[in-house]
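Worksheet: the structure to be examined is printed underneath.
Any value given below was found using the heavy atoms of this structure, including those in side chains, with hydrogens, waters and symmetry copies removed. A note on names: the letters A, B, ... follow the listed sequences, proteins ahead of strands, and every chain is numbered from 1. Since the model is a prediction, treat every value here as computed from it, not as a measurement.
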Amino acid sequence: VYILKLELKGFKSFRDHTTLEFTKGFNAITGKNGSGKSNILDAIRFALGSNSPKSLRESRMSRLINEGSRNKFARVSITLSNENGSIPVNSEKVTITRELMEDGTQRYFLNGKRITKNAIEDLLAAASISSDGLNIVPQGSLNTIADMSPSDRMQLLQEII
Amino acid sequence: VYILKLELKGFKSFRDHTTLEFTKGFNAITGKNGSGKSNILDAIRFALGSNSPKSLRESRMSRLINEGSRNKFARVSITLSNENGSIPVNSEKVTITRELMEDGTQRYFLNGKRITKNAIEDLLAAASISSDGLNIVPQGSLNTIADMSPSDRMQLLQEII
Amino acid sequence: KKEAFIKSFEQIDKRLREIFKQIVDGNAWLELENPDNPFDGGVFLIGQFGDKQPRESASLSGGEKAVLSVAFLMAIQSSYPANFYIFDEIDANLDAEKAEKLGNFLKKWSMSSQIILISLKDTMLSKADKVFGVYEREGVSQVIPLEMSKVSNEQQ
Amino acid sequence: KKEAFIKSFEQIDKRLREIFKQIVDGNAWLELENPDNPFDGGVFLIGQFGDKQPRESASLSGGEKAVLSVAFLMAIQSSYPANFYIFDEIDANLDAEKAEKLGNFLKKWSMSSQIILISLKDTMLSKADKVFGVYEREGVSQVIPLEMSKVSNEQQ
Ligand SMILES: Nc1ncnc2c1ncn2[C@@H]1O[C@H](COP(=O)(O)OP(=O)(O)OP(=O)(O)O)[C@@H](O)[C@H]1O
Ligand SMILES: Nc1ncnc2c1ncn2[C@@H]1O[C@H](COP(=O)(O)OP(=O)(O)OP(=O)(O)O)[C@@H](O)[C@H]1O
Ligand SMILES: [Mg+2]
Ligand SMILES: [Mg+2]
């Protein structure tokens, strides 16, 4: 499983519909300070079901919606390759879409069809994909990992093993 | 008051006698990862009287002594310009020397003469010089400042004002 | 429980040794504080760079810690290797030499797992198969695919 | 007590506005959460970059936070300006443009206060009056004064 495509609209600084088509190998994202790079990482975590505003670097979920635009919702779609079928869905590509409205209501879609949040979580868990997996390393978090105490490290290993 | 000179011997990775003569204006220190740059900042804090191993990035003061060398002591001297007399000492240059022996005993010298730790602290306080002043910004600490909560920031301001 | 932990622990330690060697010239490993009763103690993360003494993670330099942490994170993935990795400026503390080495390592690694790397350094960007440039105009972010030759000019 | 605090607070706020403008194109300021009873609330640190909306420090980007924090630290010195400043890789998160601007600002500032800056970036090193190169051989650190032209080669 890898990330084929990411589409954002109304999510943080991405007011307009934006698409990133990733390659299977080595993708790099660059740009000036404040241009929106880390917001892309947040968008991936959002689409994968993260419910922690803090890990999306905001105080409340509603602040994820682009400020200053007329459309009052945030929508992120992530398309995952599923050639090896590790996501228990009968299609080679799996697109998960998450929408957040201004009043806080959220909707999830799988390949365009409405689905519940729990169902998405189960599908992703089956393929060991999680929005807060250790394979996602947000900006500045390496320092926290490096300065862990030996007992914190033991706790971390026990959670993984 | 500014820093004229720093001399290190047996302090962290500085096994041999090392001297840095600073200019009054803009000094830069560069070098590869692990070469010893941040150890220089630690040496300045040590000479200015820091008693917190944690702020010197070690677990115990004795670990400040260079490992693997025959000499079992750490010595750092800092020479400050005192043209305007803000350090209440009757000389244009003030050299503070601090020695730490393997058994934990420490000695302080002012312009070559033995002096107590408290006397040094008083002299520096008179010139608003402190080993943990906000004018010293260790590696990685900007993130902590930036992510302070508003109430932590109020507390900080109350300590300063 | 203890046996299962020890077995996994040794596997992670082995992966850490392999990965670290691929990034820099040196060694890294894990040690149990209390080998007889592992859960009564902690886990030490040790790094040895070049011909220097081995040291616990907390007393390494900023750049050394960054390299060691990346190797450790990749070694402890629950499903190994992970499907994809997303790294946000993990090279911020690295000097030119270490950034080059990390870039080479990630290039190799990307043969078996997808990598999405956010970086400001040309050394890293030049190794990628595809580069995205993110721009901001009046507070609105836009993304365009970049040719690597164009990136170097942009960065200036 | 409240009057004394408010008076100092306004002085720091004024210094922050001055300093920030000198580093980047934008504004920064402090706001009291509870202006009537300051001690019952916190202090907001606000930054506005270019033509973007002003935002509280915690929800700015990594590089934007770094610039804002430097300006804030310099504004809150108990004795203003401090005798000397020692900065250890404060430019790690900055892009080439912001590093250049910060370097220019520190150069100006160094006319009135001594600055000792640890950095890996040529942009910053090239502004210094004196550059020290730190080397390690078999675990032992050495320092030699560097000519700027030599530094660029070293870094490669
Ligand atoms: N809800 C929102 N609406 C509009 N803009 C937002 C919103 N949330 C965050 N932003 C803006 O997004 C900008 C970019 O943030 P981001 O952290 O992605 O930058 P970055 O490219 O990672 O920069 P750096 O290199 O400094 O880390 C911030 O400056 C912030 O003002
Ligand atoms: N007591 C000691 N004896 C010998 N070496 C030590 C001692 N304490 C620390 N060191 C060594 O000093 C080295 C340099 O550390 P320092 O943090 O100064 O590097 P740096 O130049 O700041 O690197 P970076 O660019 O990665 O931040 C470390 O690798 C560590 O092994
Ligand atoms: Mg960022
Ligand atoms: Mg350092």
Return a table of donor-acceptor pairs under 3.5 angstrom between the side chains of residues 59-69 of chain D and protein atoms on other chains or two or more places apart.
from    : atom 1 : to       : atom 2 : distance (Å)
D:Ser59 : OG     : D:Glu56  : O      : 3.4
D:Ser61 : OG     : A:Gly34  : N      : 3.3
D:Ser61 : OG     : D:Glu64  : N      : 3.3
D:Ser61 : OG     : D:Glu64  : OE1    : 3.4
D:Glu64 : OE1    : D:Ser61  : N      : 3.0
D:Glu64 : OE2    : D:Lys52  : NZ     : 2.9
D:Lys65 : NZ     : B:Asp147 : OD1    : 2.7
D:Ser69 : OG     : D:Lys65  : O      : 2.6

Spacing of [X] atom [atom1] and [Y] atom [atom2] [to the nearest 0.5 Å]:
X        : Y        : atom1 : atom2 : answer
D:Leu73  : B:Leu134 : CG    : CG    : 6.0 Å
B:Arg153 : D:Leu45  : CZ    : CG    : 4.5 Å
D:Leu120 : B:Ser35  : CG    : OG    : 8.5 Å
B:Ser151 : D:Asp40  : OG    : CG    : 12.0 Å
B:Lys37  : D:Glu89  : NZ    : CD    : 5.5 Å
B:Leu124 : D:Asn83  : CG    : CG    : 10.0 Å

Region of [X] that comes under 4.5 Å of a non-hydrogen atom in chain B:
X        : answer
D:Met124 : backbone
D:Pro145 : neither
D:Phe72  : side chain
D:Lys127 : both

Counting heavy-atom pairs under 4.5 Å to chain B, which of [options] comes out on top?
options                            : answer
D:Leu30, D:Leu32, D:Ile90, D:Ile12 : D:Ile90
D:Trp109, D:Phe9, D:Phe39          : D:Phe39
D:Gln77, D:Glu136, D:Arg137        : D:Gln77

Query raised in the report: Is the gap between the ring centers of D:Phe132 and B:Phe22 under 6.0 Å?
Result: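 Judged by ring-centre distance (under 6.0 Å), D:Phe132 and B:Phe22 do meet the cut-off.
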Requested in this report: Using modelled atom types only, decide if a donor and an acceptor are shared between the side chain of D:Ser57 and the backbone of B:Ala146 within a distance under 3.5 Å.
Outcome: yes
**Report entry** Side-chain donor/acceptor of B:Asn135 to backbone N/O of D:Ala82, under 3.5 Å
**Finding:**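 No, the answer is negative, given that no donor and acceptor are paired below the 3.5 Å cut-off.
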Around [X], counting heavy atoms of other residues, nucleotides and ligands shown, do more than 12 lie under 6.0 Å from its [atom1]?
X        : atom1 : value
B:Glu83  : CD    : yes
D:Lys130 : NZ    : yes
B:Asn90  : CG    : no
B:Lys72  : NZ    : yes
D:Lys108 : NZ    : yes

**Report entry** Chi angles and distances behind the side chain to side chain contact (heavy atoms under 4.5 Å, CB included) call for D:Val70, B:Leu142
**Finding:** CA-CA 7 Å; D:Val70 171; B:Leu142 275 189; 3.7 Å; yes
Query - Test side chain to side chain contact (heavy atoms under 4.5 Å, CB included) applied to B:Phe14 and D:Val140, step by step - result: CA-CA 6 Å; B:Phe14 290 91; D:Val140 178; over 6 Å; no
Checking heavy atoms, do the side chain of [X], its backbone, both or neither come under 4.5 Å from chain D?
X       : result
B:Asn33 : side chain
B:Glu21 : both
B:Leu8  : neither
B:Lys24 : backbone
B:Ser38 : both

Between [options], which shows the greatest number of heavy-atom pairs under 4.5 Å with chain D?
options                      : answer
B:Ala28, B:Gly140, B:Gly36   : B:Ala28
B:Thr19, B:Ile136, B:Asp16   : B:Ile136
B:Ala127, B:Ser128, B:Gly133 : B:Ser128
B:Ile129, B:Asp152, B:Asn27  : B:Asn27

Could you check if a side-chain atom of [X] sits within less than 4.5 angstrom of a side-chain atom of [Y], using non-hydrogen atoms only?
X        : Y       : result
D:Ile116 : B:Ile3  : yes
D:Val143 : B:Ile40 : yes
D:Val134 : B:Ile29 : yes

**Report entry** Closest contact, heavy atoms only, D:Glu33 versus B:Pro150
**Finding:**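 Shortest heavy-atom separation between D:Glu33 and B:Pro150 comes out as OE1-CB, 4.3 Å.
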Query raised in the report: When you look at D:Ile86 and B:Val137, which way does the side chain to side chain contact (heavy atoms under 4.5 Å, CB included) test go after all the steps?
Result: CA-CA 6 Å; D:Ile86 308 174; B:Val137 183; over 6 Å; no
Query - Pair D:Leu146-B:Thr30, side chain to side chain contact (heavy atoms under 4.5 Å, CB included): steps then yes or no - result: CA-CA 9 Å; D:Leu146 283 181; B:Thr30 193; 4.1 Å; yes
